[in-house]
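What follows is a set of notes on a single structure, which appears directly below.
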Amino acid sequence: MEPETFETFVHDGKTFKVGTFIRENSHYVKVFQDGMQVSPEYSATFDVGFDFFQKFQDKIVNELSRIAQEDIRKGIYYKP
């Protein structure tokens, strides 16, 4: 599955890519390092995304990406 978008960030001198995906009725975010997935899938259904936007005026994938990057910064990821 190809990502919709990729966002790159650096932490502790390591480069990570956050990929956003759409599958069936959900948004997904995964983090990669050197082409290997190093995070769990962070996901939300379209319905949750709609409710999130109504309340916060922001896309749910932005929040999922923020959470994924925060976990990386806390050291919560699979180290290849």
Side-chain angles (χ1 to χ4, degrees):
M1 173 186 335
E2 289 297 314
E4 295 289 313
T5 63
F6 262 126
E7 177 183 350
T8 301
F9 75 101
V10 177
H11 173 68
D12 280 347
K14 299 174 186 163
T15 301
F16 296 91
K17 289 186 176 183
V18 180
T20 62
F21 303 82
I22 294 176
R23 184 174 63 212
E24 296 173 11
N25 67 342
S26 296
H27 298 281
Y28 293 84
V29 170
K30 303 177 196 179
V31 181
F32 299 87
Q33 182 185 22
D34 298 326
M36 302 282 296
Q37 183 177 337
V38 294
S39 74
E41 287 186 351
Y42 299 83
S43 64
T45 65
F46 291 159
D47 290 339
V48 170
F50 178 78
D51 291 344
F52 184 86
F53 186 82
Q54 292 293 331
K55 184 167 182 159
F56 299 106
Q57 300 299 299
D58 195 12
K59 296 178 182 177
I60 192 69
V61 292
N62 294 340
E63 181 65 10
L64 295 173
S65 178
R66 185 195 66 74
I67 293 167
Q69 290 182 44
E70 185 176 299
D71 283 353
I72 296 293
R73 289 184 180 97
K74 289 179 182 175
I76 304 170
Y77 64 97
Y78 315 122
K79 285 125 179 126

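Residue numbers count from 1 along this sequence.
You'll find the side chain of H27 reaches within 4.5 Å of the side chain of I22, heavy atoms only. At least one side-chain heavy atom of Y78 sits less than 4.5 Å from a side-chain heavy atom of P40.
Ring orientation note: the planes of F9 and F16 are close to parallel, at an angle under 30° on the 30°/60° scale.
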Side chains of residues 60-69: which donor-acceptor pairs under 3.5 Å do they make with residues two or more places apart or in other chains?
unit_1, atom_1, unit_2, atom_2, d
N62, ND2, D58, OD1, 2.7
E63, OE1, R66, NE, 3.2
E63, OE2, R66, NE, 3.4
E63, OE2, R66, NH2, 2.7
S65, OG, Q69, NE2, 3.2
R66, NH1, E70, OE1, 2.7
Q69, NE2, E7, OE2, 3.4

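By the neighbour-count criterion of 12 heavy atoms within 6.0 Å, atom NZ of K79 is densely surrounded, having more than that number from other residues, nucleotides or ligands.
The minimum heavy-atom distance between Q33 and T15, with the atom names listed, is CG-O, 3.7 Å. When every heavy atom of K59 is checked against every heavy atom of F52, the shortest pair comes out as O-CE2, 3.8 Å. Taking all atoms of both residues into account, the shortest heavy-atom contact from F46 to E24 is CE1-O, 3.7 Å.
Residues Y42 and V18 share a single hydrophobic cluster, defined by chaining ILVMFWY side chains whose heavy atoms lie under 4.5 Å apart.
The distance from the CZ atom of F56 to the CG atom of D51 is 10.5 Å, given to the nearest 0.5 Å.
Partners of K14 according to the side-chain hydrogen bond (donor to acceptor under 3.5 Å, both in side chains) rule, which considers only residues two or more places apart in sequence or in another chain, are Y77.
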